[in-house]
Structure formats: structure tokens, C-alpha cells
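Here is the structure we will look at, set down as C-alpha cells.
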Amino acid sequence: MKPVYFNHDGGVDDLVSVLLLTQMETVHLLGISVIPADSYLEPAVSATEKIVNVFGKEPVEVAASTSRGVNPFPSEWRLHPYYVDALPVLNETDDQPSLVVDEPAHKHMIRKIHEASEPVTLVFTGPLTDLARALDRDPTIEDKIERLYWMGGTFKEKGNVQEPHHDSTAEWNAFWDPVSTDRVWKSSLDILLVSLESTDELPLTNARRKEWAKLRNHEKIDFLGQCYASVPPLVFSETNSTYYLWDVFTAAMAGKPSFATEKEVTCIVHTEGASQGRIEKSPTARSVHYVDSVDADAFFRYMIELLK
Ligand code: AGV
Ligand code: CA
């Protein structure tokens, strides 16, 4: 089993990813931390705890982040975890144990990495702020990190940030805290990006919803459908609120990397100005891998099998 540490930012797909990671036989989940980027902190932490308590096979510690970003997410998006936290399936019992620890996310992650007997795989489905802080505080963790799987960034001309003072070249997780993204680029970590070009092949559609609805007698598939019910599908063309299976695919890759082919590229991170958060190919820069092509059907099948 692969030791995995998970840091997420409380969106609906971050929370579905918590569920998936707790179900994988290939993964030993060492800890989870929650950063209030695409969420408010309290409901995101609470929903995480409940998902582990209700669906998990064993308790997992949950740490809250003290990090705050430079470019905040729209508050309509940040409200989503209130909805998940209130779902009846997570609230049937009154006596759930508390899993929340007294340490902030970055210190919790440092401790869990040092306590592990083998190199740890990191899965990040929000901004990289807690990882940047952990690397600043204790650079020796670098040698104990197997790989970073990160949902973030894009090499496309148009990213998914649509904000007044930005040129739209960035993806949101990179844009929330561009300096921390750059800090992680300055490390020696092996990085696999699940960037927007790869998740473009995985939109939330009504056909997928219908498949999940037909299987809703399985409690965890019902939960999946309920979570994605709070966000709009792709029907005709993409809008600012269209949802893709961004984080869930990233979590699945950590559990079973066979759904994709990878490419290597050298690139820099823009930290300031109208392109902040943009990740741009550059000949002499740091090398990363990104997901190049996706076997969408195999991924959706894997997800359903895990949750059955
Ligand atoms: O950029 C994708 C990241 C993923 O980690 N998040 C959502 C996923 O959790 C930000 C985001 C981009 N577009 C969004 C986002 C939207 N329409 N609604 C909510 N979050
Ligand atoms: Ca996310």
C-alpha cells in the first residue's frame, strides 16, 4: 500500500476525493488537511471528518490550514461544503469521534511525512500554500516525498480564472497563491500535474449523472450524485461555472496511475501582474510531468467499482 498524504480545499470534488481515497486498497491514507481556498474552512473540515467517519475503513487525522490566499475564490463557490456537510447520510449518528488535530496543516504534514516508514505520495487538489510553508519550515521533507500529484495549472492559452485584473491565462489553484506555486517549483520534488488540458476530457455531464442515479442504491454512489448535484453540468458549451472531474481524477491517478499517459515539459510560474498563476513552457526551466491523455471510460469504471 502506498502511503499518501492528502491536502484539499473543500470543493465538492475535493470532498468526493476524500471518499475515494478512503476506499482504495492501494492507498494507506496517513492524514488529510483542509485549506479554505475554494471553501469556507469550518464546513470543509467538518464534512471531511464526517466522510471519514461514515464511509472510511479506519480513522484518519484531519488538520485545518492556517494559510490564506492572495486571490480569493468567489464566495458562491466557497459555500458548497455547507451543503455537503448537511447531507443526511453524513448526519445520521450523533456520536461521531472527533478526528481534528491541534496542529496546522503544514506542521501536521511535516510530522506525518517524518513518521512514515517509506517515502510519501502527496495528493494536492487545492492551492500549494501548505506545501510551500512545509518546505520552508523543514526542507528535509523533500527527500521523503515520492511524488506530488497536483490538480492545478494549465498550458492552454485560456485557463479558468475570470477576474477583472487578470488575463485569464491561469488555473484557479495556481492563481490563489502564485508565490507558493513558484516555491514548490523551486523544490526538487517530482511533480505530476493534472492540469486543465487533461481534465477537459472529463466534464460533468447529464449522461454521467444518469449513470450514477441508476446506481444510487449503493450508498456511496448516491453520495457522489448528491455532491455533484450542487454544480452545473456541461450541456452546450463551457461557462465560468462548468464543472470537470478535476480533483477526483487526480485522486484516482494517485491510487492507480494507469488511466493516463504523461509528458515531460520545462516551465516557469508567473508570480505577479496580469498573468499571475500562469504556468508557461520555457526551455531552460524546471521540469514537471503532466497528464497528456486520459482513458476516461476506464477512470469512470474504476470510480464506480470503488464506490459499489
Ligand atoms: O480549477 C479547478 C479547481 C479544482 O481543484 N477548483 C475546483 C476543483 O476543486 C477551482 C474551480 C475552477 N472552476 C470552478 C472551481 C467552478 N466553476 N466552481 C468551483 N470551483
Ligand atoms: Ca479543489
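Read the numbers this way: they start at 1 and go in the same order the structure lists the ligands and their atoms. The figures that follow rest on heavy atoms only: side chains count, while hydrogens, waters and symmetry mates do not.
- Here Glu305 does not pair with Arg301 in a salt bridge; the nearest charged N to carboxylate O distance is not below 4.0 Å.
- Residue Asn160 places at least one N or O, backbone or side chain, under 3.5 Å from an N or O of ligand 1.
- Under the 4.0 Å criterion applied to side-chain N and carboxylate O atoms, Glu146 and Lys2 are not assigned as salt-bridge partners.
- In this structure, Tyr244 has no heavy atom closer than 4.0 Å to ligand 1.
- Under the 4.0 Å criterion applied to side-chain N and carboxylate O atoms, Glu238 and Lys156 are not assigned as salt-bridge partners.
- Applying the 4.0 Å criterion to heavy atoms of Asp247 picks out, from ligand 1, the atoms 4 (C), 5 (O), 8 (C), 9 (O).
- Taking 4.0 Å as the cut-off, Gly126 does not count as a neighbour of ligand 1 on heavy-atom distance.
- Under a 4.0 Å heavy-atom criterion, Asn240 is in contact with ligand 1.
- Interatomic distance, Met151 CE to Leu245 CG, rounded to the nearest 0.5 Å: 11.0 Å.
- The residues Arg208 and Asp297 are annotated as salt-bridged, a charged nitrogen and a carboxylate oxygen being separated by less than 4.0 angstrom.
- The main-chain N or O of Ala116 is found under 3.5 Å from a side-chain atom of Lys144 such that the two form a donor-acceptor pair.
- At a 4.0 Å heavy-atom cut-off, ligand 1 touches Asn173 through the side chain alone.
- Using a 4.0 Å cut-off between charged nitrogen and carboxylate oxygen, Glu197 and Lys263 do not count as a salt-bridge pair.
- Only backbone heavy atoms of Thr125 (N, CA, C or O) come within less than 4.0 Å of ligand 1; its side chain stays farther off.
- Note on Asp13: not counted as a metal contact of the Ca ion (ligand 2), no N/O/S atom lying under 3.0 Å.
- Taking 3.0 Å as the threshold, Asp38 does not count as a candidate ligand of the Ca ion (ligand 2), since none of its N, O or S atoms lies below it.
- Among all protein heavy atoms, the one lying closest to atom 19 (C) of ligand 1 is Trp77 CD2, 3.3 Å.
- Distances from the Ca ion (ligand 2) show that Thr125 has an N/O/S atom below 3.0 Å.
- Counting heavy atoms under 4.0 Å from ligand 1, residue Glu171 touches it through the side chain alone.
- Rounding to the nearest 0.5 angstrom, the gap separating the CG atom in Asp143 from the CG atom in Leu189 is 9.5 Å.
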